[in-house]
Amino acid sequence: MDAFLLSRLQFALNISFHILFPTITMAMGWFLFYFKLRSNTSGHPVWMRMYRFWVRVFALSFALGVVSGVTMSFQFGTNWPGFMEKVGNVAGPLLGYEVLTAFFLEATFLGIMLFGIRRVPNWLHTASTLIVALGTTTSAFWILALNSWMQTPQGFEVVDGVVYATNWKEIIFNPSFPYRFVHMMLASGLTASFLIAGLSAYRMLKGDDKLAPKLALKTATYTAAVLIPLQIFAGDMHGLNTLEHQPQKVAAMEGLWETTEGAPLLLFAIPDEESKENHFEIPIPYGASLILTHELKGEIKGLNEFEGEHPPVAPVFYGFRVMVGMGMLMLAVSWIGSLYLLRKKDFPLWLKRTFTGMAFSGWIATLAGWYVTEIGRQPYLVSGVLKTADAVTQLPPGNIALSFTLYLVIYTVLLIAYMGTLMLMCRRAVEIEEITTEEREVAKAKMQPSDPDPSTV
């Protein structure tokens with residue numbers, strides 16, 4: 001393989017591993033803030049017990065996200081020097097803003113969250129949790145501003161082959177940014193919800209009959225049930241925006257080769273780029289046009305309109321269907337779970353096992369959606385400005401193959417260790433007393449006779 005393909009594979013590996021962890025922490029920070037507020041207002045120690053368990057999950061995820069993020073950024077200089085040479089005047093400041101306004105906040109106040117529960121005033125610990133949650137969201141803001149600008153660039157000029165910023169407001173709030181930011185934050189909320197619900201269900205399957213996992217499962221299930229319809233709506237809005245600014249990506253998502261009025265929605269097909277047709281299609285007549293143009297006979301441009309300028313079809317086509325399929329499964333499971341909760345019934349064994357099996361389902365949907373986004377931008381690194389092939393390194397392919405192999409081995413080990421550690425934490429939590437004597441004394445001082453039982457809230 002040549003340096004170009006190896007560099008793309010290595011970056012894909014790095015970004016795929018890295019994105020797993022911010023997808024959890026962006027939303028879990030807000031879950032932790034909610035747990036802390038409930039602890040403060042109700043005085044019931046179970047909320048602090050939940051906080052202590054999940055803040056450790058947050059810290060572990062945050063650490064792996066930081067480490068993988070640093071190694072990923074190295075590749076801008078080693079594997080993709082043309083990227084910074086061409087658009088560094090835009091990319092550099094946006095990445096710098098992320099470090100200055102978000103990462104420092106997260107790293108500083110995470111220490112207080114982890115070790116300051118008994119060492120600082122309660123208001124400061126609560127404020128630290130809020131600041132970390134805001135920090136994760138701000139971090140996503142800047143990273144997605146850069147990524148969205150690469151998809152729909154504006155607010156710049158090119159002088160002697162180098163991009164210079166002319167309007168930072170237009171750069172940051174480019175046409176796809178609002179949709180991409182909302183879509184990603186909702187994806188994070190769903191990822192964290194199913195992780196919390198899945199690990200809580202796993203604890204219950206292992207014999208944990210305490211209140212904490214039941215309450216965490218209840219909270220996460222209701223959250224997912226609310227977020228998934230919002231995500232479907234946001235995804236539809238994002239799709240309409242993509243159709244306007246990146247019609248070739250939508251054509252690949254739909255497997256549409258010829259410009260068509262009343263285009264069908266393909267539930268399944270096997271795209272063939274050589275013959276420029278699909279095999280074994282399962283269509284819904286007029287479906288794509290209705291969804292994308294809101295008209296039965298709305299026109300959608302086909303891939304043949306973008307000869308040499310459209311992305312690889314198969315990975316975008318299949319990635320989109322994996323993302324949507326996983327979203328539909330999340331909708332069904334969260335709503336079924338919510339129905340059981342509303343009827344105040346215990347989850348049956350099969351549903352607990354389903355939630356356990358879907359603990360990491362958010363990762364599948366996120367990766368599939370990310371591949372659609374990033375592969376769908378090809379052959380450009382920055383749409384219409386910089387082609388991917390023009391930014392690649394001149395390093396010998398052997399050097400890149402070696403680093404790729406090392407990354408693959410290390411990341412595989414880290415991922416197995418991460419998932420194994422979470423399972424071990426769950427199993428050990430079964431043996432831990434739910435509420436200690438000290439926590440009971442603190443609760444008695446805080447709780448009032450009229451305070452509601454948190455299990456019914």
Side-chain angles (χ1 to χ4, degrees), residues 15 17-40 47-48 50-73 91-117 119-149 168 171-173 177-178 180-193 195-196 219-220 223 227 362-363 366 370 418:
I15 190 65
F17 182 79
H18 171 69
I19 198 174
L20 300 178
F21 305 104
T23 305
I24 291 173
T25 57
M26 285 188 296
M28 190 168 287
W30 293 105
F31 273 104
L32 290 172
F33 182 58
Y34 173 74
F35 295 159
K36 192 64 170 62
L37 285 181
R38 291 303 303 269
S39 174
N40 294 343
W47 291 102
M48 184 52 69
M50 292 164 59
Y51 181 94
R52 286 175 176 170
F53 179 85
W54 289 107
V55 78
R56 293 196 293 269
V57 176
F58 179 93
L60 179 62
S61 305
F62 179 81
L64 285 173
V66 170
V67 171
S68 57
V70 171
T71 58
M72 186 181 66
S73 64
L94 292 178
L95 292 173
Y97 298 154
E98 188 269 337
V99 173
L100 291 173
T101 65
F103 176 73
F104 286 164
L105 284 178
E106 297 171 71
T108 300
F109 288 92
L110 178 60
I112 299 177
M113 286 174 60
L114 286 170
F115 308 112
I117 293 179
R119 293 178 174 85
V120 301
N122 182 60
W123 69 265
L124 179 56
H125 188 263
T126 303
S128 298
T129 304
L130 174 60
I131 290 170
V132 170
L134 289 171
T136 59
T137 303
T138 306
S139 179
F141 177 93
W142 291 115
I143 295 300
L144 289 170
L146 173 57
N147 182 265
S148 299
W149 181 81
W168 280 105
I171 289 173
I172 295 170
F173 298 99
F177 170 72
R180 200 176 306 278
F181 179 69
V182 171
H183 195 54
M184 189 63 198
M185 291 305 300
L186 289 171
S188 176
L190 287 167
T191 300
S193 295
L195 180 67
I196 293 172
T219 303
T223 302
L227 291 183
W363 280 359
T366 297
W370 196 254
Y418 173 81

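Source: prediction; values computed, not measured.
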Exercise for review: Consider only side-chain N and O atoms of T138 and Y97, and report whether a donor and an acceptor are under 3.5 Å apart.
Suggested key: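 No, because no side-chain N or O of T138 sits under 3.5 Å from a partner of the opposite role on Y97.
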
Check your understanding: Do T137 and W30 have a side chain donor and acceptor closer than 3.5 Å?
Key ->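 A donor-acceptor contact under 3.5 Å links the two side chains.
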
Check your understanding: Which atom names give the shortest non-hydrogen contact between I24 and A192, and what distance separates them?
Key ->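 That would be O-CB, 4.0 Å.
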
When you measure from the side chain of [X] to the backbone N and O of [Y], does any donor-acceptor pair fall under 3.5 Å?
| X | Y | answer |
| --- | --- | --- |
| W363 | L20 | yes |
| S128 | M113 | no |
| T191 | A187 | yes |

Pairwise side-chain contact, [X] with [Y], heavy-atom cut-off 4.5 Å (strictly under):
| X | Y | result |
| --- | --- | --- |
| N147 | F181 | no |
| Y51 | L32 | yes |
| I196 | T219 | no |
| M184 | M26 | yes |
| V132 | F58 | yes |
| F35 | W54 | yes |
| N40 | W123 | no |
| I112 | I117 | no |

